[in-house]
Structures are given as C-alpha cells and as structure tokens.
Q: 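Shown below is the structure under consideration.
What's counted below: heavy atoms across the whole structure, side chains too, no hydrogens, waters or symmetry copies.
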Amino acid sequence: MSGGSRASLLGRIAVLAVALVFFQTGVVSELPVLGVNADLSPLLVAFVGLLCGSMVGAVTGFGVGLLVDLALVQTLGVTSLIFTLIGYWAGRLRELRDPQAALTPLLVGAAASAASMTGYSLMEFLLGVDAPVSFELVRQIVIGVVVNAVVALPTWALVRRTLEGGLPDDPRRRRRRAYTTGGLSPLTRA
C-alpha cells in the first residue's frame, strides 16, 4: 500500500469517525429504543478493524474513544482503552480468518457492542463511580446488544462504502493467487 493511498484511507476514517460521533451525540442519542440508545461508535471501530487490520483498527479505536470521551465530557481514556481493544481484536479476526460470511458484520457488531457495554460498566465500577449494579444493568446491556446488532448491518454498509477505494490488500489472498496464477510453487523443481 503506497503512502498516498494510506493517507487517503486514514483521512476517510477520520472524517467518518468525526461525522459518526457527532451524529451519535446529536441524533441517535435522542432516539431511545426499548429504553436504550443505539451506540454506533463500537460498530465503527470494529468494522474499520475488520476491513483494515489490527493496527488501523486499534488506532481508530483510540481516536474514536478519545473523541467520544471529549464529546460526552466523560473520564478521559476509559472509552479509548475499550475501543482500542475492540479495534485490535476485530482486525486480528480479519488477519487470522477469512470473515466473508454474510452474518459476520452482525456477529462482530454484537460482540463489539457487548464488549463495549460490559467493559465500560466494569471500568466505571472499578473507578468507583456510584452506580447500582443490578438486574437493570444486565437488562440494558442485553437490549443494547440486540439494538446494536440490528443497526450493525446499515453501519457496515456505510463503513464499507466509505472506505472501499482505499482498503489494503488481503495478504492471504495474495499468497494463494501466486500459486494459482503460474507463480513459483515450492513443490516444483527448477
């Protein structure tokens, strides 16, 4: 991947992240569904990691988490830590497996949402925020994961469409192509 295309990809991710966080805080947070709000930020981070790899996913997670913390005037770094882990592990899924199944965005979105909500609740509890830990918290996490899983498919389409021109090549496909297109194979003799 050349320097110009990498800069273009990072610029697209930055614009998408800023637009999505402001859309989240201004519009989506005002529309509760079953008592919870959809959270687009962990979906964005997971899908960037799934499309671009672990390092870009982790950096995007840190940046989006910091932007969310600043926009919502929260404890700085908590969301960044959680989103960095989500972006990294979604990117590792891309690097280790071939996530081309149709349900992959739905499952990754649900997992990212569950990790985000559970991780944020746990971090706030460990930091000593006075909030009751009860069945209501578990109910909100479960309903939040279901709502985010529904929102995951349109978010996946938006992220994929926005980043489509600058996505990196898949290293697994490049290796396979070399053997099938007449490239040198380790099994042939010179």
Side-chain angles (χ1 to χ4, degrees), residues 1-21 23-24 38-68 77-120 123 141 144-181 183 186:
M1 182 176 226
S2 68
S5 62
R6 180 170 291 278
S8 171
L9 177 66
L10 294 178
R12 288 179 187 194
I13 292 171
V15 168
L16 184 63
V18 169
L20 195 116
V21 167
F23 181 71
Q24 168 73 36
D39 192 3
L40 304 176
S41 305
L43 299 176
L44 169 69
V45 170
F47 295 152
V48 167
L50 195 60
L51 289 169
C52 300
S54 61
M55 291 305 293
V56 176
V59 170
T60 302
F62 180 80
V64 170
L66 189 61
L67 190 60
V68 166
V78 173
T79 311
S80 294
L81 174 65
I82 296 164
F83 284 0
T84 300
L85 294 173
I86 290 171
Y88 177 78
W89 285 110
R92 288 300 293 163
L93 176 67
R94 175 191 186 271
E95 294 165 357
L96 296 176
R97 302 279 182 234
D98 192 14
Q100 298 297 321
L103 291 178
T104 299
L106 186 71
L107 297 175
V108 169
S113 299
S116 171
M117 292 177 195
T118 306
Y120 190 79
M123 291 297 290
I141 289 174
V145 168
V146 170
V147 168
N148 275 3
V150 170
V151 177
L153 293 177
T155 307
W156 167 257
L158 174 72
V159 172
R160 186 172 178 93
R161 180 86 166 170
T162 303
L163 303 181
E164 202 167 52
L167 291 176
D169 292 331
D170 189 355
R172 293 181 315 266
R173 290 197 180 109
R174 201 173 327 125
R175 276 197 306 264
R176 286 187 210 136
R177 227 179 309 141
Y179 296 128
T180 59
T181 59

Q: Output, in order, the C-alpha distance, side-chain angles, deciding distance and verdict of side chain to side chain donor-acceptor pair (under 3.5 Å) for S54 and E95.
A: CA-CA 8 Å; S54 61; E95 294 165 357; 3.1 Å; yes
Q: Drop me the distance from T162's OG1 to I13's CD1, to the nearest 0.5 angstrom.
A: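 Going from the OG1 atom of T162 to the CD1 atom of I13 covers 10.5 Å.
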Q: Look at the side chain of T84 and the backbone N and O of S80, then say whether any donor-acceptor pair between them is shorter than 3.5 Å.
A: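 Here the side-chain-to-backbone pair exists.
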Q: Is there side-chain contact between R94 and L51, with heavy atoms separated by less than 4.5 Å?
A: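 Sidechains of L51 and R94: no contact.
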Q: Decide if atom CH2 of W156 counts as having more than 12 heavy atoms of other residues, nucleotides or ligands within a radius under 6.0 Å.
A: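 Buried by this count: over 12 neighbours within 6.0 Å.
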Q: Would you name the heavy atoms of M117 and I141 that are closest together and state the gap between them?
A: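 Answer, listing the atom of M117 first, then I141: SD-O, 3.8 Å.
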Q: Show me, pair by pair, the donor-acceptor contacts under 3.5 angstrom made by side chains of residues 42-50, not counting sequence neighbours?
A:
none

Q: With a 4.5 Å limit on heavy-atom distance, are the side chains of L153 and P105 in contact?
A: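 Result yes, sub-4.5 Å side-chain heavy-atom pair found.
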Q: Between S41 and V68, which heavy-atom pair has the shortest distance, and what is it?
A: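 Looking at all heavy atoms of both residues, the closest pair is OG-CG2, 3.5 Å.
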Q: To the nearest 0.5 Å, what is the distance between CG on D39 and OG on S116?
A: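 Here the interatomic distance stands at 5.5 Å.
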Q: Quick check: closest heavy atoms across P154 and V151, and the distance to 0.1 Å?
A: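 Heavy atoms only, the tightest pair is CD-O, 3.2 Å.
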Q: Closest heavy-atom contact between A38 and N148?
A: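 For A38 and N148, the tightest heavy-atom pair comes out as CA-OD1, 3.3 Å.
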Q: Counting C-beta onward and ignoring hydrogens, is there a side-chain heavy-atom pair between W89 and R92 closer than 4.5 Å?
A: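 Touching, per the 4.5 Å side-chain cut-off.
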Q: So, for M123 and I82, which heavy atoms are closest and what is the spacing to 0.1 Å?
A: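 Scanning both residues, the minimum pair turns out to be CG-CD1, 4.2 Å.
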Q: First locate atom CG of L163, then atom CG of L158, and finally report the distance between them rounded to the nearest 0.5 Å.
A: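 Result: 8.5 Å between the selected atoms.
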Q: Can you confirm whether F62 is buried at CZ, in the sense that more than 12 heavy atoms of other residues, nucleotides or ligands lie under 6.0 Å from that atom?
A: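 Counting other residues, nucleotides and ligands, CZ of F62 stays at 12 neighbours or fewer.
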Q: From I86 CD1 over to T60 OG1, what is the distance, rounded to the nearest 0.5 angstrom?
A: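 Going from the CD1 atom of I86 to the OG1 atom of T60 covers 12.5 Å.
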